[in-house]
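Just so we're clear, the structure is a prediction, and the values are computed from it rather than from any experiment.
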Amino acid sequence: MTAKEKLRVVVEKLTESEAEGALDYIASRRHDELGALLDSAPVDDEPSTPEEEAAVRVAREQLARGETVSLDEIRAELA
């Protein structure tokens, strides 16, 4: 029996609580380069420029008016 097959047998015998704990343990052991990079990234503490604030304001106004583009529309445009 392979390690994965043995693991499946053991997993089937776990309570829901034990399974949650096992998942947490496995997740903590997996190497996540992107997660580690994001966790170690410095906080963006630069103030926004007036231009950035204006762009955010325009975007929020467009959103409030329903001027959005769906993911399907974007995919169709890129195809």
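- Closest approach of Leu14 and Ala19 over heavy atoms only: CD1-CA, 4.0 Å.
- Considering only residues two or more places apart in sequence or on other chains, Glu53 meets the side chain to side chain donor-acceptor pair (under 3.5 Å) condition with Ser48.
- Within the 4.5 Å cutoff, the side chain of Val56 has heavy atoms near those of the Arg60 side chain.
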- Message: Let's go through Glu61 and Arg57 carefully: what are the C-alpha distance in whole Å and the side-chain angles of both, what is the deciding distance for side chain to side chain contact (heavy atoms under 4.5 Å, CB included) to 0.1 Å, and is it a yes or a no?
- Response: CA-CA 6 Å; Glu61 290 167 356; Arg57 193 169 34 260; 3.7 Å; yes
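- Shown are Lys6, Lys4, Glu12; of these, the side chain to side chain contact (heavy atoms under 4.5 Å, CB included) with Arg8 is made only by Lys4.
- The side chain to side chain contact (heavy atoms under 4.5 Å, CB included) test applied to Glu73 returns Val69, Ser70, not counting sequence neighbours.
- Around CZ of Arg65, the count of heavy atoms belonging to other residues, nucleotides or ligands within 6.0 Å exceeds 12.
- Atom CD of Glu16 has 12 or fewer heavy atoms from other residues, nucleotides or ligands within 6.0 Å.
- Heavy atoms of other residues, nucleotides or ligands lying less than 6.0 angstrom from CD of Glu5 number more than 12.
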